Peer 1: 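Below are the structure tokens for one structure; questions will follow.
Nothing here was measured: the structure is a model prediction, and the numbers come from that model.
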Amino acid sequence: MKKNIESTIEELVQPIVDARNIEIVDIEYVKEAGQFYLRIYLEKEGGITLDDCAEVSRELNPILDEKDPIKDNYFLEVCSPGLDRPLKKEKDFIRYAGYDVEIKLYKPLNGTKQLEGELIGLTEDKKIKVVIDDNEVEFDKKDIALIKLAVKF
């Protein structure tokens with residue numbers, strides 16, 4: 001059901017963001033502390049602004065009210081994915097090649113589930129290639145619980 005809701009919402013919001021040259025990074029429908037949240041994460045060249053998020057939210061709200069794809073009461077959040085954004089789509093791995101990433105694995109590799117390295121990109125067979133301690137390592141997406149941009153201070 002959750003995936004169905006997320007794909008339905010993506011279909012509704014896609015024309016709104018396309019008209020503004022904004023990209024949908026992720027959509028999640030989650031329950032936290034007894035409340036449901038519909039979060040739509042957006043990005044665009046040069047960075048997403050609060051005004052961008054507000055405009056998309058304003059245009060999307062009446063569509064959600066009319067189509068009513070979610071029967072539960074929920075809070076709508078239209079926002080930026082943040083500096084330490086997760087990488088999920090194929091284009092994320094291309095766009096952020098050369099950036100440092102943090103990786104959390106489902107199963108340990110050399111005794112650890114948490115790794116950090118430089119993202120090289122995707123291989124021809126869609127494996128994620130990262131340089132860790134001067135070694136190139138390839139991961140299947142299914143083996144990665146989370147991969148996100150590393151924030152350096």
Side-chain angles (χ1 to χ4, degrees), residues 1-107 113-130 139-153:
M1 182 177 111
K2 179 182 164 196
K3 283 288 181 205
N4 195 23
I5 288 173
E6 291 168 355
S7 63
T8 299
I9 298 303
E10 185 168 2
E11 289 175 20
L12 295 174
V13 76
Q14 194 68 57
I16 297 168
V17 297
D18 285 349
R20 292 173 171 75
N21 293 318
I22 295 174
E23 176 184 336
I24 299 169
V25 172
D26 196 15
I27 296 175
E28 63 179 10
Y29 181 63
V30 295
K31 187 173 187 177
E32 295 174 356
Q35 299 290 327
F36 286 99
Y37 292 86
L38 174 61
R39 293 192 181 105
I40 303 171
Y41 297 97
L42 304 176
E43 185 170 74
K44 74 174 184 181
E45 190 71 34
I48 197 81
T49 67
L50 186 58
D51 287 341
D52 293 325
C53 294
E55 287 176 18
V56 171
S57 180
R58 261 193 305 276
E59 192 168 334
L60 181 59
N61 259 319
I63 295 168
L64 291 174
D65 287 345
E66 177 189 331
K67 302 285 185 187
D68 199 21
I70 302 172
K71 301 306 175 199
D72 301 307
N73 290 328
Y74 62 92
F75 293 97
L76 173 64
E77 295 179 359
V78 179
C79 51
S80 160
L83 292 176
D84 62 342
R85 64 176 298 235
L87 305 180
K88 295 188 173 192
K89 298 180 179 180
E90 189 173 310
K91 59 187 162 188
D92 293 337
F93 297 102
I94 296 166
R95 175 185 294 144
Y96 292 105
Y99 284 72
D100 287 338
V101 292
E102 295 176 7
I103 303 167
K104 293 184 181 177
L105 301 172
Y106 288 113
K107 295 179 183 173
K113 287 185 175 184
Q114 296 187 2
L115 306 164
E116 191 169 318
E118 179 186 343
L119 177 64
I120 301 302
L122 291 176
T123 64
E124 287 184 22
D125 57 351
K126 306 296 184 213
K127 290 188 178 189
I128 299 163
K129 187 184 280 191
V130 181
F139 298 95
D140 284 320
K141 274 182 132 178
K142 65 178 177 51
D143 297 329
I144 298 175
L146 175 69
I147 181 168
K148 65 181 186 171
L149 294 177
V151 178
K152 303 285 184 181
F153 294 100

Peer 1: Given 3.5 Å as the limit, does a donor-acceptor pair link the side chain of Lys104 with the main chain of Lys148, or not?
Peer 2: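 Not at all, since once roles are kept as given, no pair shorter than 3.5 Å links the two residues.
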Peer 1: Testing the basics here: between Gly98 and Glu118, what is the closest heavy-atom pair and its distance to 0.1 Å?
Peer 2: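 Residues Gly98 and Glu118, closest heavy atoms: CA-OE2, 3.5 Å.
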Peer 1: Considering non-hydrogen atoms only, spot the tightest contact between Leu83 and Leu149 and give its length.
Peer 2: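 What the structure gives for the nearest pair is O-CB, 3.6 Å.
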Peer 1: Does Glu90, at its CD atom, have more than 12 non-hydrogen atoms belonging to other residues, nucleotides or ligands within less than 6.0 Å?
Peer 2: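 No.
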Peer 1: Per the side chain to side chain donor-acceptor pair (under 3.5 Å) rule, which among Lys44, Lys89, Arg95 passes with Glu23?
Peer 2: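 The single option meeting the side chain to side chain donor-acceptor pair (under 3.5 Å) with Glu23 is Arg95.
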Peer 1: Just checking, is any N or O donor in the side chain of Asp125 or Thr123 under 3.5 Å from an acceptor N or O on the other one?
Peer 2: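 Distance-only check passes for Asp125 and Thr123.
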Peer 1: Let me confirm one number: the CG-CZ distance from Leu87 to Phe93, rounded to the nearest 0.5 Å.
Peer 2: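 Rounded to the nearest 0.5 Å, the CG-CZ separation comes to 5.0 Å.
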Peer 1: Can you tell me how far NZ of Lys107 sits from CG of Asp143, rounded to the nearest 0.5 angstrom?
Peer 2: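 The CG atom of Asp143 sits 7.5 Å away from the NZ atom of Lys107.
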Peer 1: Do Glu28 and Tyr37 have a side chain donor and acceptor closer than 3.5 Å?
Peer 2: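 The criterion, which ignores hydrogens and geometry beyond distance, is not satisfied for Tyr37 and Glu28.
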Peer 1: Look up atom CD in Glu102 and atom CG in Leu119, then write down how far apart they are to the nearest 0.5 Å.
Peer 2: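 If we round to the nearest 0.5 Å, Glu102:CD and Leu119:CG are 13.0 Å apart.
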Peer 1: Give the C-alpha distance, both sets of side-chain angles, the deciding distance and a yes or no for side chain to side chain contact (heavy atoms under 4.5 Å, CB included) between Val130 and Leu115.
Peer 2: CA-CA 10 Å; Val130 181; Leu115 306 164; over 6 Å; no
Peer 1: Quick check for you: to the nearest 0.5 Å, what is the distance between Ile22 atom CD1 and Glu55 atom CD?
Peer 2: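 One gets 7.5 Å once the value is rounded to the nearest 0.5 Å.
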Peer 1: Report the distance from atom CG of Leu105 to atom CG of Asp140, rounding to the nearest 0.5 Å.
Peer 2: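 The CG atom of Leu105 sits 11.0 Å away from the CG atom of Asp140.
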Peer 1: Should the heavy atoms of other residues, nucleotides or ligands under 6.0 Å from CD of Glu45 be counted, would the total exceed 12?
Peer 2: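 No, because the 6.0 Å sphere around CD of Glu45 holds 12 heavy atoms or fewer from other groups.
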Peer 1: Any sub-3.5 Å donor-acceptor pair from Glu6's side-chain atoms to Tyr29's backbone N or O?
Peer 2: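 Yes, Glu6 side chain to Tyr29 backbone: donor-acceptor pair under 3.5 Å.
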Peer 1: Could you go through Asp92 and Arg85, starting from their C-alpha distance and side-chain angles, then the distance that decides it, and tell me whether this counts as salt bridge (charged side-chain N to carboxylate O under 4.0 Å, His left out)?
Peer 2: CA-CA 10 Å; Asp92 293 337; Arg85 64 176 298 235; 3.3 Å; yes
Peer 1: Using the rule side-chain contact (heavy atoms from CB on, under 4.5 Å), only one of Thr8, Asn4, Ile5 pairs with Pro69; which is it?
Peer 2: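 Exactly one pass, corresponding to Thr8.
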Peer 1: Testing the basics here: between Ser80 and Ile48, what is the closest heavy-atom pair and its distance to 0.1 Å?
Peer 2: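 In this case the closest contact between Ser80 and Ile48 is CB-CG2, 3.3 Å.
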Peer 1: Side chains of Arg39 and Val30: closer than 4.5 Å at any heavy-atom pair?
Peer 2: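 A side-chain contact exists here, since the closest heavy-atom pair is under 4.5 Å.
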Peer 1: Run the salt bridge (charged side-chain N to carboxylate O under 4.0 Å, His left out) test on Lys67 and Glu11 for me, step by step, so that the C-alpha distance in whole Å, both residues' side-chain angles and the decisive distance to 0.1 Å come before the verdict.
Peer 2: CA-CA 12 Å; Lys67 302 285 185 187; Glu11 289 175 20; over 6 Å; no
Peer 1: Please report the C-alpha distance between Lys91 and Glu43 in whole Å, then the side-chain angles of each, then the deciding distance to 0.1 Å, and finally whether the salt bridge (charged side-chain N to carboxylate O under 4.0 Å, His left out) criterion is met.
Peer 2: CA-CA 12 Å; Lys91 59 187 162 188; Glu43 185 170 74; over 6 Å; no
Peer 1: Work out which heavy atom in Ile103 is nearest to a heavy atom in Ile144; give both atom names and the distance.
Peer 2: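 Taking every non-hydrogen atom into account, CG2-CG2, 4.1 Å.
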Peer 1: What closest approach, in Å, do Phe36 and Asn73 show between heavy atoms, and which atom pair accounts for it?
Peer 2: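 What the structure gives for the nearest pair is CB-O, 3.5 Å.
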Peer 1: Please confirm whether the backbone N or O of Thr49 pairs with a side-chain atom of Asp52, one donor and one acceptor, at under 3.5 Å?
Peer 2: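 Yes: the side chain of Asp52 pairs with the backbone of Thr49.
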Peer 1: Leu76 and side-chain contact (heavy atoms from CB on, under 4.5 Å): which single residue from Ile9, Leu64, Ile70 fits?
Peer 2: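 That would be Leu64.
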Peer 1: Tell me the closest heavy-atom pair linking Lys126 and Leu122, and the distance in Å.
Peer 2: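 Where Lys126 meets Leu122 most closely, the heavy atoms are O-CD2, 4.0 Å.
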Peer 1: Going through the distances and angles, do Ile27 and Val13 end up as a side chain to side chain contact (heavy atoms under 4.5 Å, CB included)?
Peer 2: CA-CA 10 Å; Ile27 296 175; Val13 76; 4.2 Å; yes
Peer 1: Verify side chain to side chain contact (heavy atoms under 4.5 Å, CB included) between Lys88 and Val25, making sure each step is shown before the conclusion.
Peer 2: CA-CA 8 Å; Lys88 295 188 173 192; Val25 172; over 6 Å; no
Peer 1: Distance check, rounded to the nearest 0.5 Å: Cys53 atom SG versus Ile40 atom CD1?
Peer 2: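 Those atoms lie 10.0 Å apart.
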